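Okay, structure first, notes after.
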Protein chains: 2
Amino acid sequence: MKTFNSYKNPAIAVDLVVFGYHDKVLSALLLNRNEEPFKDGWTLPGSFLQMEETFRAACSRILQTKMGLSDLFLEQLYSFDDPARDPRGRVISVAYYALINPHAFNVVAGKMANDVKWFPVNKLPRLGFDHKVIFKTAVERLKAKILYYPVGFELLNDTFTMTELHELYECVLGIDIDRRNFRRKILDAGYIINTGTKRAGLKNRHPELYTFNKKLGENQFQLHIQIE
Amino acid sequence: MKTFNSYKNPAIAVDLVVFGYHDKVLSALLLNRNEEPFKDGWTLPGSFLQMEETFRAACSRILQTKMGLSDLFLEQLYSFDDPARDPRGRVISVAYYALINPHAFNVVAGKMANDVKWFPVNKLPRLGFDHKVIFKTAVERLKAKILYYPVGFELLNDTFTMTELHELYECVLGIDIDRRNFRRKILDAGYIINTGTKRAGLKNRHPELYTFNKKLGENQFQLHIQIE
DNA sequence: GCTACTTTGTGTCATAATCACGCAATTGAT
DNA sequence: ATCAATTGCGTGATTATGACACAAAGTAGC
């Protein structure tokens, strides 16, 4: 039985789209490269997959060493195969996306990058490689995901107001959703739980605080919104 | 700027789940291997990705050389990374799934396999590698896909009866769907078009024949069925 | 305290979609 | 002509959705 690792194989990169929700804006984390190719340009954080490493292990390594992050929600997005996507040669990219509450983590640029910064998803700079394609795929996935998975659980604080959840949905989906119908839909689905406390110190009526219902299984919730 | 193909990289395989619908049963195409590992065992058709090959090109090559098939519906499924998934060493698998009308194609085993055969999806033999996991992932994907994409277009003949379409949905989803409500839903959505002709030669009432509405865009159709 | 203003929470009603059926029409076999 | 099986069409109850009105709770200014 022959072994195959003696073959000349394409390299495998793992690239990450890290989403954060901050000041009513959905953002993504980008890295400013300090080496060629695309030196001083912005790209998604990523790295080559090591020989015995799983994809998730590579993701964790990237998040930890390049940005000082750990234990995020991670999901495989898609694998990209354009033979011209990397000027150095044939590199397959297996893309993952992560969700993070930017208030709960502090992003720090690792030594392998000039800088790490949040960019609002509709104000991205030019990206190296085929990372714009990867990014757009991730946004589409997130839009689909939020309709049947409690994405807010990863993006918001542990407790949050109905308005915050509502704004998150409008922001991610890019559409207006009637505030009162949204409330009814979310509550009827048992999607979130009223903590019984209210947020104080605001100018107007103090909103009730909620947490996500962790007992809710997958596919228990579905927001019926027709995207276009 | 260094190049990276000098590194020792994991190998990349492309594996395929080919679905067909035949005699009211959803089946998948499996290959009987004629070499180690898993010699004489059943696996999904697959191959190593060549250096300058796209995933789709690899899929076409596999379908053509191993089974004599071409021009199928193809969609990327998922990438699998278990370091122990291949006894020969580290091999990443990028899985695709295909849909085919078995009546329109003749499956022929290529010289690289002992045999190629259709297996009903709930009567699969033991599979080599991690192909059972890949297969289950594909079935889940197909169940989700059929709710908002005209999967039947790929699996059925050009023209088909309402009953055939109905049975396909029940079969893929594994649930009972009320025949009359299904009909109304499908017709109201403009999902299919009545050809005006009927299928003759049957014992009972001759059913009308339909074709899929090719002008229907993505996401125009959604069957509201709560799985579980 | 009273009023103005903003935000949050609750309800209502028309419309649309879904679900669970009944029943008639069409066909070949008897 | 009758029967059995299958297909096509319809109907009413229930539920979900969309578009609102309006009350309640809070702060600020007077």
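In the text below, chain A, chain B and the rest are named by the order of the sequence lines, each starting its count at 1. Every heavy atom of this structure was used, including side-chain atoms; hydrogens, water molecules and symmetry mates were not. Values in this document were obtained by computation on a predicted structure and should not be read as measured data.
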Distance-only donor-acceptor pairs under 3.5 Å for side chains of residues 18-29 of chain A, two or more places apart:
unit_1	atom_1	unit_2	atom_2	d
A/Tyr21	OH	A/Leu168	N	3.4
A/His22	ND1	A/His103	NE2	3.4
A/Lys24	NZ	A/Glu167	OE2	3.3

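When heavy atoms are screened at a 4.0 angstrom cut-off, B/Thr163 is found touching the sugar-phosphate backbone but no base atom.
Nucleotide C/dA20 holds its P atom 12 Å from the CD1 atom of B/Ile177, rounded to whole Å. Across the protein-nucleic acid pair, B/Gln222 atom CD and D/dA16 atom P stand 16 Å apart, rounded to whole Å. Straight-line distance from the CZ atom of B/Phe160 to the P atom of D/dT7: 14 Å, rounded to whole Å. Note: CD1 (B/Ile175) to C1' (C/dT18) measures 14 Å, nearest angstrom. Rounded to an integer number of Å, the gap from A/Asp178 CG to C/dC13 P is 17 Å. We find that CG of B/Leu209 is positioned 13 Å from C1' of D/dT7, with the value rounded to whole Å.
Using a cut-off of 4.0 Å between Lys/Arg side-chain N and Asp/Glu carboxylate O, B/Lys145 and B/Glu154 are scored as not salt-bridged.
The closest side-chain donor-acceptor pair between B/Thr195 and B/Thr197 falls under 3.5 angstrom. At a cut-off of 3.5 Å, with distance as the only test, a side-chain donor of B/Arg61 or B/Ser47 sits close to an acceptor on the other residue.
Test B/Lys66, B/Arg85, B/Lys132 against B/Asp15 for salt bridge (charged side-chain N to carboxylate O under 4.0 Å, His left out) and you get one pass: B/Arg85.
Classification of the B/Phe212-B/Phe153 ring pair by plane angle, with boundaries at 30° and 60°, yields perpendicular. Using cut-offs of 30° and 60° on the angle between ring planes, the pair A/Tyr169 and A/Tyr191 is perpendicular. The aromatic rings of B/Trp42 and B/Phe119 stand perpendicular to each other, their planes meeting at an angle above 60°, with 30° marking the opposite boundary.
Residue-to-nucleotide proximity on DNA chain C shows that, of A/Glu208 and B/Lys198, the 5′-proximal contact is made by A/Glu208. Between B/Pro207 and A/His206, the residue whose closest nucleotide on DNA chain D is further toward the 5' end is B/Pro207.
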Protein N or O to nucleotides 3-6 of chain C N or O, pairs below 3.5 Å:
unit_1	atom_1	unit_2	atom_2	d
C/dT6	O2	A/Asn204	OD1	3.1

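Here the CG-CE distance, from A/Leu30 to A/Met67, works out to 10.0 Å after rounding to the nearest 0.5 Å.
Near-neighbour residues of DNA chain C inside residues 179-188 of chain A, defined by a heavy atom below 4.0 Å, number-ordered: A/Arg179, A/Arg180, A/Arg183.
Side-chain N/O atoms of A/His166 include none lying less than 4.0 angstrom from OP1 or OP2 on C/dT8.
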